[in-house]
**Q** 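Mind having a look at this structure? Questions to follow.
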Amino acid sequence: MHKGNDFASLKLSNSSNVGAHLIERLKACGISHVFGVPGDYVLGFFKQLSDSEISLITTCDELSAGYAADAYARIRGIGVVCVTYSVGGLKVVNAAAQAYAEKSPLVVIAGAPGITERIGNPLLHHKVRTFETQKKVFEEVTVASTVLDNPQNACREIERVLAEVLRLKRPGYIEVPRDLVFAPIEPSCAAIPDAEGLSNPDTLDGAVEEAVMMINEAEQPVIIAGIELHRFRLQDKLDLLANKVRLPVAATILAKSVIGEYHPLYIGIYEGAMGFPSVRDYVESSDCLIILGAFMTDVNLGQYTANIDQNKAIYVTSEQCFVRNRTYPDVCLPDFIDELIAAPLRQRTPRGLPQPRLREPFKAHKGQKITVKRLFDRLNWALEDNTVVVADVGDALFGGLDLITHRRTEFLSPGYYLSLGFAVPASIGAQLADSNLRPLVLVGDGAFQMTGLEVSTIARLGLNPVIVVLNNFGYATERPLQDGPFNDLQVWQYSRIPEIVGGGRGAVVTTEDELEQALKVAQANVKEFTIIDVQLDPRDSSPALKRLTESLAKKIR
Ligand SMILES: Cc1ncc(C[n+]2csc(CCOP(=O)(O)OP(=O)(O)O)c2C)c(N)n1
Ligand SMILES: [Mg+2]
C-alpha cells in the first residue's frame with residue numbers, strides 16, 4: 001500500500017536553535033535554494049540562511065520570489081519563499097494562492113516582530129491590524145500554518161507544517177518572530193506518524209472491482225491524466241497502467257507533459273473545443289473515461305465546452321473517488337492505481353486513435369511577416385531534450401499547448417489559476433531546481449510588464465533562458481471579450497532590456513527569417529539569457545484560441 005507521507009522517513013537532527021533547526025529540516029526535505037527579499041524582521045534568519053549550505057536567492061520582488069519557489073516546488077517536490085513581515089508576506093499571498101489552487105508544495109517563511117516587541121500592542125512598522133493579521137490571511141491559502149512563538153514546541157510545529165505540505169502538496173506558512181530565531185530549542189522532535197493517507201481496504205476493493213468491470217466491458221476506454229499524477233510522483237505508474245492494458249491517454253491542460261508527448265498511447269490534450277477535434281471526438285465518444293488526478297476546472301474543460309458524461313466516468317483524485325457517480329470514501333489515488341495495475345484488466349488493441357501529431361515542417365520565408373501559428377511551428381523545432389517550456393497566461397499558454405515536448409514534465413504553467421506574470425520568475429526556480437534544464441519562456445507583453453524585470457535576477461545569477469515575448473501590443477486575450485483603451489500597453493523596447501540590467505542579449509523579430517536567425521543565435525548563446533521581442537499583429541491569435549472561438553461561434557449561431 002502507498003505510504004502517504006514521505007516526510008516521516010527523514011532524519012531528525014539535534015540543531016541548536018529555532019532558525020538553524022528550520023534550515024536543517026528544509027535541507028532534509030531536499031531544499032538547496034530559498035527565494036526571497038530581505039527586511040528587518042527577517043534579517044537574522046537571512047543571515048543564518050546565507051551562512052548555511054542553502055543558497056539564498058534574492059529577487060527584485062517578493063511575488064516573483066513566490067513564483068520562483070512555486071516552480072522550484074513543481075520540479076523538486078518542495079520550494080521555499082522567505083520574506084519580511086506584511087510588506088513582503090502579503091505580496092506572496094497571490095503566489096501561495098496559486099500554489100494552493102494548483103497543488104504545489106510551497107513553504108512560506110515570514111519574519112515577524114519579536115514576541116517581546118508585541119507586548120502592549122505597539123504600532124510597529126508593517127503591522128496592519130493586529131500582529132496576527134498576516135497569519136490569518138495565510139490560513140486561507142495554506143493547509144497548515146504556525147507562528148514559532150515557543151521554542152518548546154517549535155520543533156514539533158515545523159514538523160507538522162512540513163509534513164502537511166508534503167502530504168497534501170499544498171502550501172504551508174511558518175512565521176518566525178525575530179527574537180526567537182536564535183532561541184535554543186528542545187530537541188524533542190518526534191516524526192509524524194505515517195498513518196494518514198492510507199485507503200480504507202473495503203471501499204478501495206469496492207471501487208476497484210466496479211472500475212475493473214467497467215473498463216473490461218467498455219469498447220473504447222481512455223485515461224484522462226491530471227496534474228496530481230505529477231505532484232504525487234505517479235507518472236511511472238501511469239505509464240505502467242497504460243502500457244500493460246494498452247489504454248490510450250489524454251492529458252488535461254494543467255497536466256500537459258505529465259506523460260511523454262511522443263508516447264505511442266498518448267493522444268493529446270483534452271480541452272473541449274480548444275483542442276484538436278480528433279482528440280475531442282475520441283474522448284467524448286468513449287464509453288469509459290478513467291479520469292486520474294485531474295481537476296475538472298473550466299480551463300481544463302475548454303471553458304466548459306467539454307462534454308463528459310459522469311455515468312461513463314471513473315474519477316479518482318487525492319480527494320475523492322467516484323465510479324459511475326457512486327462515491328467511495330477514503331480511497332487514495334496511488335492505491336487505486338496500484339490496484340488497477342494488479343487487476344485482471346483485459347489487454348486492448350486500441351483502434352481509431354487520433355493520428356499522432358507531428359511537428360509541422362518549418363522553412364522560413366524571407367520577409368514574410370511572422371504570425372502566431374508560424375511562431376509556434378518554429379518553436380516546436382527549438383525544443384531540445386533539456387528544454388522546459390515555461391508558459392505565461394494569454395496566447396503564450398494557448399499557443400504553447402500545441403507544442404510537442406520531448407520528455408515528461410517539461411511544460412510549466414499556471415494553467416488553472418491563471419495568474420499573469422508567472423513565467424519569467426518561474427524560469428529562475430525551474431532552472432535552479434534542475435540545472436540540466438534550459439527554460440524556454442513564453443510570455444505576453446502584458447505579463448512581461450508585470451514581472452519581467454526579474455531578468456535582472458536572471459542576469460545576476462548567470463542563468464540562460466530563452467525568453468520569447470509575444471508582443472501583440474496589449475492584453476490581446478481580453479480584446480474579444482471587451483475591448484477598450486484599458487487593453488493597450490505602453491510599448492517597451494524589450495530587446496534593449498539587457499542594456500539596463502547589464503547582461504543578456506536581445507533581438508527584435510518581425511519576419512520569419514528574423515525569427516529563424518534570432519532563435520539560432522539564442523540557442524547557441526548558452527552563457528546568458530536571450531530576450532526575443534516577437535512583434536505580432538494585434539488581431540492575430542494562436543490556432544488553439546481560434547479553435548475555441550470558432551466552436552463558440554458555431555454554438556451561438
Ligand atoms: C495577475 C493577473 N491580472 C489580470 C489577469 C487578467 N488577464 C488575463 S489574460 C490578460 C491579458 C494578458 O496580456 P498579455 O500578457 O499581453 O498576453 P496576450 O493576451 O496578449 O496574449 C489579462 C490582463 C490575470 N489573469 N492575472
Ligand atoms: Mg499581449
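Numbers here simply count residues along the sequence, with the first being 1. Atoms within each ligand, like the ligands themselves, are counted from 1 in listed order. Quick caveat: nothing in here was measured; it's all calculated off a predicted structure.
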**Q** Assess whether a salt bridge exists between D402 and R547, defined as any Lys/Arg side-chain N lying under 4.0 Å from an Asp/Glu carboxylate O.
**A** yes

**Q** Looking at E512 and K366, does any basic side-chain N land under 4.0 Å from a carboxylate oxygen?
**A** no

**Q** Provide the full list of salt bridge (Lys or Arg N to Asp or Glu O under 4.0 Å) pairs with a residue in residues 126-137, sequence neighbours left out, each pair given once.
**A** K135-E139

**Q** For the Mg ion (ligand 2), report each protein N, O or S atom nearer than 2.8 Å, sorted by chain and then by residue number.
**A** D445 OD1, N472 OD1, G474 O

**Q** In chain order, what residues pass the salt bridge (Lys or Arg N to Asp or Glu O under 4.0 Å) check against K520, with sequence neighbours excluded?
**A** E516

**Q** Determine, step by step, whether E319 and R170 satisfy the salt bridge (charged side-chain N to carboxylate O under 4.0 Å, His left out) criterion, reporting the C-alpha distance in whole Å, the side-chain angles of both residues, the deciding distance to 0.1 Å, and the verdict.
**A** CA-CA 13 Å; E319 290 166 19; R170 280 189 153 142; 3.0 Å; yes

**Q** Just say parallel, tilted or perpendicular for the rings of F138 and Y173, cut-offs at 30° and 60°.
**A** parallel

**Q** Taking the basic N atoms (NZ, or NE/NH1/NH2) and the acidic carboxylate oxygens, is any pair closer than 4.0 Å for R74 and E102?
**A** yes

**Q** Mind checking what residues have non-hydrogen atoms under 4.0 angstrom from ligand 1?
**A** G394, D395, L418, S419, L420, G444, D445, G446, A447, M450, N472, G474, Y475, A476, T477, E478

**Q** Hey, is D385 close enough to R407 for a salt bridge, meaning N to O under 4.0 Å?
**A** no

**Q** Assess the residue pair H125 and Y41 against the criterion (ring pair (Phe, Tyr, Trp, His ring centres under 6.0 Å)); give the C-alpha distance rounded to whole Å, side-chain angles, the decisive distance to 0.1 Å, and a yes or no.
**A** CA-CA 10 Å; H125 63 286; Y41 290 116; 4.8 Å; yes

